[in-house]
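Both ligands and their constituent atoms are indexed starting at 1 by order of listing. Side chains are part of it too, since the values below use all heavy atoms of this structure and drop only hydrogens, waters and symmetry mates.
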Amino acid sequence: MSRSEPPARAKPGRKRARSVREPAEKDTGSKAAVETRFSGIGIYSGIAVGPVAFAAEAPATVDRRTLQPAQVEPELVRLQEAVERSLRQLEKLKSRLALLSEDTQAEIAPLLDAYRQMLGPSRLLRQVTRRITEDRLNAEAAVLAEAETLAIRLAEATLSAGADAEEATSALRRAEEVREIGRRLVRNLMRAPFRSFSGMQAGAVLVAEQLRPADAALIDPARIAGVVMDEGGVTDHTAIMLRALGIPAVLGVAGFSGRARSGAQVVVDGATGTVTLDPAPATLAAARHAVVDYARERQKLGRLRRLPARLSGGETVELQANLELPAELPLIAQAGAAGIGLLRTEFLFINSDRMPDEAEQERIYRAVIAAMGGDCTTIRVLDWGGEKHSEALSGIGFLGADQNPALGLRGLRLLLRHPEVLETQFAAILRASTEGPTRVLLPMVTTVGELQATREIYERVARKVRRKGVRLGDALPPLGIMVETPAAALGAEALGIEAEFMAIGTNDLAMYTLAVDRAATGVSALYEPLHPAVLHLIAHVTGVALRLRRPVSLCGEIAGNPLVVPLLMGMGLRSFSMNASAIPKVKQAVRHTSLDECRRLARRVMEESDTAEVLRLLTEFSQR
Ligand code: PEP
Ligand code: MG
């Protein structure tokens, strides 16, 4: 029901990861549901009002295959892996229970125990194993068939024994639990998104325990008003996708999916990070007003589109857009972005069961470059990491089985192990670069050696592309690096000599500096991109880049926060790339600020050793 903008008012670094149940109003009618308010992490400010809808988690049919005798053993291993993954997920859920109110805990804990039992030496798993070994059925089909058989038997046994209403209800619930664990197993066996959003009522609020970035990429923002998720953090890739789609969302609302009922009204406030289930009439009316006010505010900001991003003293600042999905292109034009500062190419691989070839990639890059009408497009080569999954990549044995994927083969490291993927991508980008100004960006660089090895590949691919008759011009599109690890930040001097430009990625820089997983709800309160240690690294990289005369920009989520941008300008940064819909607010902040004020602010902030004090100073500055 509403569109909105990035968490401009959400204070960076201050997380509301706790889920608090606060009855906000007394239950006035005897049967009316009591309004209940939950807190989480606001991802995209803006208000959504709509009925709760759960994504259908398992397809009605999965592939049914007969296994060759030699395939039985590997299939059992796959089943075991899916069981272990499911158990880990349940363990994680259980660890979150402590955050919930006692009655919610009492409701959910026995359910989790029942699930865990079914994943132990249970009848369900014995029968699934039998179907794989004796009937030679593939694991997904065996699980679904067996879960359904068991569920029917459970329900029938109780009903035929003349159970009373309470027993019958409990039998039906147990049957549903068996089906649910079956769906979880299938989901983990397939390791691919297969949620179905298409059948959802238009204007619904999507509620899920967890959505992967690949799931989020399938959401149609014209149909889904808002999203509430039990898991997640402010800069994980699912959050970035939701922001890109412009959907008001609150993540990290522990236990919410267990409490919400399908069809119940819910208000999602992405600015404050609150979710109100069964809102009282007064709350509902206020939320509907807020939706209208919000739309008006957006319209007002829209008028800034044609005005330049200039400080009050006349100095220009470059405000570019990050692009996650091609569907965002119209938004980028509406926001008045000066090109694309970060095109995350993961979307090409994320929901695909085969590798996109050179021609297909070229077509997409060309369309994006053309749409920028002469402004530059910065294309980042594939940044594959732990939380994303692609059939296409696992099909060629691309994914490492790292225990700790964020510290494992991620980004450029992975591409250098599979140069064929990098070569195809380079060739496609180089071909498309004849369409307009283009830059090439490398993710997760930590050593000069990696950069040199990549440049060799880049130049070799360019020679090949030229030999095929493509006119690339004398200078190739600049090759730059993401600075998103402490190693890259502290080694910026050496890397900056080799790289043609630098883009500071504060999402990962904060994660690696603070040793806090950006996607983990349990530690989200510790994830502080404005921690002084992170700020000092940003200032250091900026100083080095300016000295080396290398173009430098910042493309982490903080670039879209108008509260933070004056500080970054005070450090010397003049180029920011952000979620397109954040551009008007950031532009407004830029136009109301002078460089002197920014420099004074930066000097003052850099003396601080406490994130809360940094936030206080930034807030005070914005209210001056
Ligand atoms: C970052 O790490 O700040 C960044 C922009 O890259 P991503 O969010 O895609 O990891
Ligand atoms: Mg990153």
Worksheet item: What part of Met511, side chain from CB on, backbone N/CA/C/O, both or neither, has a heavy atom under 4.0 Å from ligand 1?
Response: neither
Response to the item:
Across all chains, not counting sequence neighbours, the salt bridge (charged side-chain N to carboxylate O under 4.0 Å, His left out) partners of Glu318 are none
Worksheet item: Can you name the residues that form a salt bridge (charged side-chain N to carboxylate O under 4.0 Å, His left out) with Glu435, not counting sequence neighbours?
Response: Arg366
Worksheet item: Which atoms of ligand 1 sit under 4.0 Å from any heavy atom of Gly556?
Response: 3 (O)
Worksheet entry | Check: Met372 and Ile340 side chains under 4.5 Å, non-hydrogen atoms | yes
Worksheet item: Hey, are Glu358 and Thr424 close enough side-chain-wise for a donor-acceptor pair under 3.5 Å?
Response: no
Worksheet entry | Side-chain donor/acceptor of Asp230 to backbone N/O of Ser257, under 3.5 Å | yes
Worksheet item: Would you say Glu324 touches ligand 1, if touching means a heavy atom closer than 4.0 Å?
Response: no
Worksheet item: Would you call Arg344 and Asp383 a salt bridge, taking side-chain N to carboxylate O under 4.0 Å as the test?
Response: no
Practice prompt. Please identify which atoms of ligand 1 are closer than 4.0 Å to at least one heavy atom of Met482.
Written response: 4 (C), 5 (C), 6 (O)
Worksheet item: Does Glu346 pair with Arg380 as a salt bridge, N-O distance under 4.0 Å?
Response: yes
Worksheet item: N/O to N/O below 3.5 Å, does that happen between Asn507 and ligand 1?
Response: yes
Discussion item. Check contact between Glu557 and ligand 1, using heavy atoms of the residue and a distance below 4.0 angstrom.
Written reply: no
Discussion item. Closer than 4.0 Å to some heavy atom of Leu342 - which atoms of ligand 1 meet that?
Written reply: 5 (C)
Worksheet item: Is it true that Arg363 and Glu360 make a salt bridge, defined as a side-chain N closer than 4.0 Å to a carboxylate O?
Response: no
Worksheet item: Any Lys/Arg nitrogen of Arg550 or Glu493 sitting under 4.0 Å from an Asp/Glu carboxylate oxygen of the other?
Response: no
Discussion item. Under 4.0 Å, heavy-atom basis, I'd like to know which part of Ile240 is in contact with ligand 1: side chain, backbone, both or neither.
Written reply: side chain
Worksheet item: With Phe426, which residues qualify under ring-ring contact (aromatic ring centres under 6.0 Å, His included), at least two apart?
Response: Tyr458
Discussion item. Out of all atoms in ligand 1, which are within 4.0 Å of some heavy atom of Asp508? Include the element for each.
Written reply: 1 (C), 2 (O), 3 (O), 10 (O)
Item to complete: Please list, in chain and residue-number order, the protein N/O/S atoms closer than 2.8 Å to the Mg ion (ligand 2).
Response: Glu484 OE1, Asp508 OD2
Worksheet item: Would the number of heavy atoms belonging to other residues, nucleotides or ligands and lying under 6.0 Å from CD of Glu607 be above 12?
Response: yes
Discussion item. Does only the side chain of Arg410 get under 4.0 Å from ligand 1, or the backbone, or both, or neither? Count heavy atoms.
Written reply: side chain
Worksheet item: Should you measure from each heavy atom of Arg344, which atoms of ligand 1 turn up under 4.0 Å away?
Response: 4 (C), 5 (C), 6 (O), 7 (P), 8 (O), 9 (O)
Worksheet item: Which of the atoms in ligand 1, numbered in the order shown and given with their element, are less than 4.0 Å from a heavy-atom of Glu484?
Response: 1 (C), 2 (O), 6 (O)
Item to complete: Select one of side chain, backbone, both or neither to describe which atoms of Leu509 lie under 4.0 Å from any atom of ligand 1, heavy atoms only.
Response: neither
Worksheet item: Is ligand 1 less than 4.0 angstrom away from at least one heavy atom of Met578?
Response: no
Worksheet item: Rounded to the nearest 0.5 Å, how far does CG of Leu567 lie from CD1 of Ile558?
Response: 8.0 Å
Worksheet item: Does even one non-hydrogen atom of Arg380 get within less than 4.0 Å of ligand 1?
Response: yes
Discussion item. Can you name the atoms of ligand 1, numbered from 1 with element, that are less than 4.0 Å from a heavy atom of Arg518?
Written reply: 2 (O), 7 (P), 8 (O), 10 (O)
Worksheet item: So, for Glu324 and Met241, which heavy atoms are closest and what is the spacing to 0.1 Å?
Response: CB-SD, 4.3 Å
Worksheet entry | Considering all heavy atoms, the nearest Ala494-Val448 contact | CB-CG2, 3.8 Å
